[in-house]
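Structure record follows, encoded as structure tokens.
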Amino acid sequence: MTRTARTRRLTLATGACAAVVGLLGVAASAQATAPTAAPDIPVADVKADLAKFQSIADANDGTRAHGTAGYQQSIDYVKGKLDAAGFTTKVQEFSSGGAKGYNLIADWPGGDESKTVMSGAHLDSVPAGPGINDNGSGSAGILEVALAVAKADLKPAKHLRFGWWGDEEDGMIGSSHYVDSLGADTAKLDSYLNFDMIGSPNPGYFVYDDDARLEKVFKDWFTTKNIATEKETEGDGRSDHAPFKDAGVPVGGLFSGADYIKTDAQAKAWGGEAGKAFDACYHESCDTAKNIDDTALDNHTDAIAHAVWELSS
């Protein structure tokens, strides 16, 4: 037996309303689960951390090197800020050159620990100087990104971890110790992002090309800012991503240049002076708080935040 026309119209109208409600529900759900954009990281906050690292060095014979009180005080400063922000922190000890060394590991609560996104930077300087660009800049950059995670009360799908490495300057000693200590748990690392020198005074914009997925995250962000990038090759095997890469962890990162010479083409793309080093104070006593380009520091730190937000969503 067939339905009347009026009954059919009522049924169709009711079904249409239900479909609209369903679509609205799907849209609302999608909106609720969409990843939020990373915040802008105030460069003044990053520079305040660098000023603190400088004052620590000034009080300790001009250095924050492995095995010195300057390094220990740098660890204490970073740890204090992370503890206050709600991170779970752990100081990992190791031995190198007859002295105790320390890594600082900070975990943000929540997220899938079998898919951990880790960002790291070495905190030590060379004995000759305070190491404000190398590598106070990377250390301060990831510190402020971590604090932004806490301020936003970020609830990422993947677990977030940050690391500050000791004794990188003697051959990635601290980061190698950490990777060795993970053993089979290296498989839980979705990615490791390394930041070693991100505020060079004659800066470049170099992106690690070790993993295409991670490289694209950074390159796409710089493209939106109309900033040209190049593949990073100067630091291959010379920084803390190397032990992670050797252990099979996908690695990425950023770098603003060290003692290589800026070319004419690079100066045209990025500004600055061709024929001079990206950082003429690399491993020298003049690597002080004055040895920083604020724009490069700001751009790189914001790119770190973007990558942390996107990769952990």
Please determine whether a side-chain nitrogen of the Lys or Arg among [X] and [Y] lies less than 4.0 Å from a carboxylate oxygen of the Asp or Glu.
| X | Y | result |
| --- | --- | --- |
| Lys268 | Asp264 | no |
| Lys188 | Asp185 | yes |
| Asp124 | Arg64 | no |
| Lys225 | Asp302 | no |
| Arg213 | Asp190 | yes |
| Asp153 | Lys151 | no |
| Asp210 | Lys245 | yes |

Between the side chains of [X] and [Y], is a donor N or O closer than 3.5 angstrom to an acceptor N or O?
| X | Y | answer |
| --- | --- | --- |
| Ser175 | Asp240 | yes |
| Tyr282 | Asp134 | no |
| Thr63 | Ser125 | yes |
| Asn60 | Gln73 | yes |
| Asn194 | Tyr192 | yes |

Task: More than 12 heavy atoms from other groups under 6.0 Å of CG on Asp294 - done: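 Enclosed.
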As an exercise, state the distance from [atom1] of [X] to [atom2] of [Y], rounded to the nearest 0.5 Å.
| X | Y | atom1 | atom2 | value |
| --- | --- | --- | --- | --- |
| Leu189 | His159 | CG | NE2 | 10.0 Å |
| Tyr178 | Phe244 | OH | CZ | 6.0 Å |
| Ser119 | Ile304 | OG | CD1 | 7.5 Å |
| Asp298 | Ile41 | CG | CD1 | 9.5 Å |
| Ser191 | Leu193 | OG | CG | 5.0 Å |

TODO: Output, in order, the C-alpha distance, side-chain angles, deciding distance and verdict of ring-ring contact (aromatic ring centres under 6.0 Å, His included) for Trp270 and Phe206.
DONE: CA-CA 11 Å; Trp270 296 325; Phe206 298 97; 5.2 Å; yes
Open item on the list: Among His300, Glu234, Arg238, exactly one meets side-chain contact (heavy atoms from CB on, under 4.5 Å) together with Phe255. Which residue is that?
Closed with: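 Single pass found, and it is Glu234.
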Open item on the list: Please enumerate all residues that pass salt bridge (charged side-chain N to carboxylate O under 4.0 Å, His left out) together with Glu113, with sequence neighbours excluded.
Closed with: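 Not a single residue meets the salt bridge (charged side-chain N to carboxylate O under 4.0 Å, His left out) criterion with Glu113.
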